Number of protein chains: 2
Amino acid sequence: MTEQRADDEHVEVLLARLRRSGGRVTSARRALLASLLAADGHHLTAQDLAEAVQRAAPDVHLSTVYRALDSLEEKGIVAHTHLGHGRAVYHLADEPHQHLVCERCQAVVEVPADVFAELATTLEGAYGFVVGAHHFAVVGRCAACAGAQSEPAAGS
Amino acid sequence: MTEQRADDEHVEVLLARLRRSGGRVTSARRALLASLLAADGHHLTAQDLAEAVQRAAPDVHLSTVYRALDSLEEKGIVAHTHLGHGRAVYHLADEPHQHLVCERCQAVVEVPADVFAELATTLEGAYGFVVGAHHFAVVGRCAACAGAQSEPAAGS
DNA sequence: ATAATTGCAAAGTCTTTGCAGTTTG
DNA sequence: CAAACTGCAAAGACTTTGCAATTAT
């Protein structure tokens, strides 16, 4: 698959960015970015990522994943969001999108950032508040659950 | 202050609602609702609430606060939101508002729910997603921090 | 009475930290 | 070589749970 090749290149670009920012390129980080890229659109927890990374490099510890994510986030390469409850989910920072989280079935719907453009303008005008580009979650009911009447299947 | 009297009445109304839903009225719950009401607009964590409650009833345990909040939430009297990081904040469900959280200074700005009405309509039309009335947090930069360039003071 | 609630202590999740040993630039 | 990174184990913050005793209805 030529997609794999494209992804590999993308990883190298991100690593170059990391190095330029004073970070160091290690196999753990390479695997981490590859996993993030492969997930493409999925929302991965640190746990998920650790498992993915460990498929390629079994010795990488969960705490290393946390620290690598922190580091990558500091450099603006990765971003995280809290989708309800407690766990954070991570994604590459270069895919601007917002999340709609269903409070009942936990489904996550991604929405292109520009859907929020109008709201962002309003908020900035009225409150001087600048909406973050990658850190946004709206909780509600997805289409499938919107009709259901039972109480939320799980709290957010 | 006549305000105190109004609050007391409000607490009783909520307790009546609780009782009608099959819940039981206890001094812990009365104190909890009173604290929630007194906070009026502040965002209290379970910890905060426990401390407030304990000023009136020193024996109330943190876990009781958690359980009481769960119970009240189930009955639609209380709602919680996650403002970044992990901790949840609670408030009475009858004060519809949304939260803008500053990712840099952690300030919380409250916004009347209707500011989001247009977005809600859009999301429902395009995705069938029904935005929750009381469970919503937008992360970004508050007016004071919007200009600042340093990295976020604390992650959300 | 009897089902809900509570206090307390213990356990659980998710994340962070201290340290000594490795690796990268 | 110096600074950054890593593995591991231990600690931390926040929340949930099991149980026996208590209390509201």
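Lettering of chains follows the sequences in order, A, B, ..., and the numbering in each one begins at 1. Here the structure is a predicted model, which means the values were calculated and not measured.
- At whole-Å resolution of the value, CG in A:Leu18 and C1' in C:dT23 are 14 Å apart.
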Between B:Ile77 and B:Arg17, is a side chain to side chain contact (heavy atoms under 4.5 Å, CB included) present by the stated rule, with each step listed?
-> CA-CA 8 Å; B:Ile77 299 171; B:Arg17 185 128 67 91; 4.0 Å; yes

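- Using a 4.0 Å cut-off between charged side-chain N and carboxylate O, B:Glu51 and B:Arg55 make no salt bridge.
- As rounded to whole Å, 11 Å separates atom P of C:dT6 from atom CG of B:Asp70.
- Judged purely by atom type and a 3.5 angstrom limit, A:Arg29 uses its side chain to pair as donor or acceptor with the backbone of A:Arg24.
- A donor-acceptor contact closer than 3.5 angstrom links the side chains of B:Asp94 and B:His10.
- Between B:His61 and C:dC8 there is a side-chain N or O to OP1 or OP2 distance below 4.0 Å.
- Atom-to-atom, CG of B:Leu44 to C1' of D:dC14 comes out at 16 Å; the value is rounded to the nearest Å.
- Residue B:Ser63 places no side-chain N or O under 4.0 Å from the OP1 or OP2 atom of D:dT17.
- Taking atom CG of A:Leu72 as the reference point, atom P of D:dA4 lies 15 Å away to the nearest angstrom.
- A:Asp48 places its CG atom 14 Å from the C1' atom of C:dT13, with the value rounded to the nearest Å.
- Residue contacts for B:Thr45: at a heavy-atom cut-off of 4.0 Å it reaches no nucleic acid atom on any strand shown.
- Atom CG of B:Asp59 is separated from atom P of C:dA9 by 13 Å (rounded to the nearest Å).
- In this structure, A:Arg30 atom CZ and C:dT23 atom C1' are separated by 14 Å, rounded to whole Å.
- Here A:Arg29 reaches the OP1 or OP2 of D:dT6: one of its side-chain N or O atoms lies under 4.0 Å away.
- For the pair A:Arg67 and D:dT6, the criterion of a side-chain N or O lying under 4.0 Å from OP1 or OP2 is not met.
- Comparing B:Leu62 and B:Ser27 against DNA chain D, the residue whose closest nucleotide sits nearer the 5' end is B:Leu62.
- Phosphate proximity of C:dT15 to A:Tyr66: present, with a side-chain N or O under 4.0 Å from OP1 or OP2.
- Residue B:Arg87 places at least one side-chain N or O closer than 4.0 Å to OP1 or OP2 of D:dC14.
- Within the 4.0 Å cut-off from OP1 or OP2 of C:dA3, not a single side-chain nitrogen or oxygen of B:Arg24 is found.
- When the nucleotides C:dT5, D:dT15, D:dT25 are ranked by their closest atom to the side chain of B:Ala46, D:dT15 comes out on top.
- Rounded to whole angstrom, the span from the CG atom of B:Leu15 across to the C1' atom of C:dT5 amounts to 14 Å.
- Linking ILVMFWY residues whenever their side-chain heavy atoms come closer than 4.5 Å, directly or via other members, places B:Phe129 and B:Val115 in the same cluster.
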